[in-house]
Amino acid sequence: MAIFLDTGDVAEIRKYHGMGIIRGVTTNPSILMKSGVTGGMEGIRKKEIEIAEMIAPYPLSVEVTTNDMDEMRKQAIEFAGWADNIVVKITIHGPNGEMENLQLIKELENKYNVRVNVTAMMSAQQCFLAAMADATYVSLFCGRVNNMGYNCIEELKKLRYLLDEHKLKAKIICGSTRETLNIVEWLGAGAHIVTTQPSFLEPMIVHPYSKETVQQFLKDGEKLFR
Ligand code: E4P
């Protein structure tokens, strides 16, 4: 079980990686945009290589920015060549439900030796089929599933059962965290990994009663030296 950071914020990655509590990072085009990346492919390359080097050998997911098959394949091979720990994110299907992505996922994993994180998935059945296509990671967007009125925990349990039962190699990444509690909740329900924005980690660490206890210890410790 592991926590990944879902961010392009290098300072936050450095901070939590330094604490030894994260085991990878995930990004997507929206995250890169929010973190101020500009300059097209060169901007993306610089940022992703900086993160990849910082967290190596832990994995960094980098998402393709196109839906054209040839272009996706080209980008995937290029991204994977930037660093050994880069995993390429491919969406389960195209913007209008085009299904060729699965063929590309299988090809990248088996022919080009590229590790793939299949992304933007909202159900156990989508993730199961992505795992059947040999994906290394399957990303279930749990917060978005809950937003639609479905229970992501049910999807997660079904999915973990299917992957274990069929001995598939794919690891489940739960994304779209919406609150701190999601992290332990989803890890407890079958996720191999939860990827979260950095802001949800501090409340996992800092507790008001721990603060009070530490203050008391320090105060009494001081008294011992009077
Ligand atoms: C995961 O890989 C995705 O980048 C992410 O968790 C999506 O989160 P959002 O639903 O908050 O955009």
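What you see is a predicted model, and the numbers here were worked out from it, not measured in a lab. The analysis underlying the following values was restricted to heavy atoms, covering all of them including side chains, and did not include hydrogens, waters or symmetry mates. Counting starts at 1 for both ligands and their atoms, following the listed order.
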- Per-atom contacts, ligand 1 versus Phe141 - under 4.0 Å to a heavy atom: 1 (C), 3 (C), 7 (C)

- Query: Is Lys89 close to ligand 1, meaning an N/O of one under 3.5 Å from an N/O of the other?
  - Reply: yes

- Query: Quick one: which ligand 1 atoms are inside 4.0 Å of a heavy atom on Gly175?
  - Reply: 6 (O)

- Query: Can Lys47 and Glu50 be said to form a salt bridge (Lys or Arg N to Asp or Glu O under 4.0 Å), step by step?
  - Reply: CA-CA 5 Å; Lys47 168 72 83 178; Glu50 186 182 6; 5.2 Å; no

- Item | Part of Arg178 within contact of ligand 1 (heavy atoms, under 4.0 Å) | side chain

- Only one of Asn28, Thr177, Thr26, Thr196 clears side-chain hydrogen bond (donor to acceptor under 3.5 Å, both in side chains) with Asp6; which? Thr26

- Task: Run the numbers for me: atoms of ligand 1, each under 4.0 Å from some heavy atom of Arg144, listed by number.
- Result: 9 (P), 10 (O), 12 (O)

- Message: Any nitrogen or oxygen of Asn28 lying under 3.5 Å from a nitrogen or oxygen in ligand 1? Just yes or no.
- Response: yes

- Closest non-hydrogen protein atom to atom 8 (O) of ligand 1, residue and atom name please, with distance? Ser176 OG, 3.4 Å

- Indicate yes or no for a side-chain donor-acceptor contact from Asp134 to the backbone of Lys106 under 3.5 Å, with no hydrogens or angles considered. no

- Query: Counting only N and O atoms by type, is there a donor-acceptor contact under 3.5 Å from the side chain of Glu107 to the main-chain atoms of Tyr112?
  - Reply: no

- Item | Asp70 vs Lys74, salt bridge (Lys or Arg N to Asp or Glu O under 4.0 Å): CA-CA, chis, key distance, verdict | CA-CA 6 Å; Asp70 292 336; Lys74 219 173 111 201; over 6 Å; no

- Nearest non-hydrogen protein atom, atom 5 (C) of ligand 1: Asp6 OD2, 2.9 Å

- Task: Kindly say whether Ile172 contributes a backbone atom to a donor-acceptor pair with the side chain of His192 at under 3.5 angstrom?
- Result: yes

